[in-house]
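Since the structure comes first, as structure tokens, the remarks are kept for the end.
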Amino acid sequence: MENTKATSRQDLLEVIDGFGFEGKLEEVGIFGNGHINETYQVVFSTDTGRKRFILQKMNHQIFKDPVGLMENISGATSWLK
């Protein structure tokens, strides 16, 4: 595993396991250099090739109401459709 920010290696691996990705975990590392959220890239090898995913940990010091934030995002994207 490569560098991580404030999130511990074990916590990050538990989160990744919770998504139920298929295949074997090959890579985990910081993606980009944002100042608000922690962003990670994970890569799995599968029978159909390598699959790359981007995971982001929300900064709860900045976004104090994550449910409300997601409702706003959902409402805005629905309106745009």
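This is a predicted model, so every value here is computed, not measured.
Distance check, rounded to the nearest 0.5 Å: OG1 of T46 to CD of E26 gives 10.0 Å.
Screening residues 15-25 for side-chain hydrogen bond (donor to acceptor under 3.5 Å, both in side chains) gives no qualifying pairs among residues at least two apart or on separate chains. Within the structure, every pair that satisfies the ring pair (Phe, Tyr, Trp, His ring centres under 6.0 Å) test and touches residues 43-62, not counting sequence neighbours, is listed here: F21-F44, F21-F53.
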- Can you list the steps and then say if Q41 with V43 is a side-chain contact (heavy atoms from CB on, under 4.5 Å)? CA-CA 7 Å; Q41 173 179 273; V43 179; 4.0 Å; yes

- Query: Which is it for L12 and Y40 under the side-chain contact (heavy atoms from CB on, under 4.5 Å) test, yes or no, and what are the steps along the way?
  - Reply: CA-CA 9 Å; L12 189 55; Y40 299 93; 3.8 Å; yes

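Residues E38 and F31 form no side-chain contact, since every pair of their non-hydrogen atoms from C-beta on lies 4.5 Å or further apart. Two residues are said to be in side-chain contact when any heavy atoms from C-beta on lie closer than 4.5 Å; F19 and L55 meet this criterion.
Checked against side-chain contact (heavy atoms from CB on, under 4.5 Å), L80 has no partners two or more places apart in sequence or in another chain. Listed by chain and number, the residues in a ring pair (Phe, Tyr, Trp, His ring centres under 6.0 Å) with F63 amount to none (sequence neighbours excluded). Contacts of Q61 classified as side chain to side chain donor-acceptor pair (under 3.5 Å), with partners at least two apart in sequence or in another chain: none. Annotation: side chain to side chain donor-acceptor pair (under 3.5 Å) contacts of N59 (sequence neighbours excluded): none. Contacts of Q56 classified as side chain to side chain donor-acceptor pair (under 3.5 Å), with partners at least two apart in sequence or in another chain: T39. In this structure R50 satisfies the salt bridge (Lys or Arg N to Asp or Glu O under 4.0 Å) test together with E27, sequence neighbours excluded.
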Residues 65-78 side chain polar contacts: donor-acceptor under 3.5 Å, at least two apart:
residue	atom	partner	partner atom	Å
D65	OD1	G68	N	3.1
T77	OG1	I73	O	3.0
T77	OG1	S74	O	3.1
S78	OG	S74	O	3.0

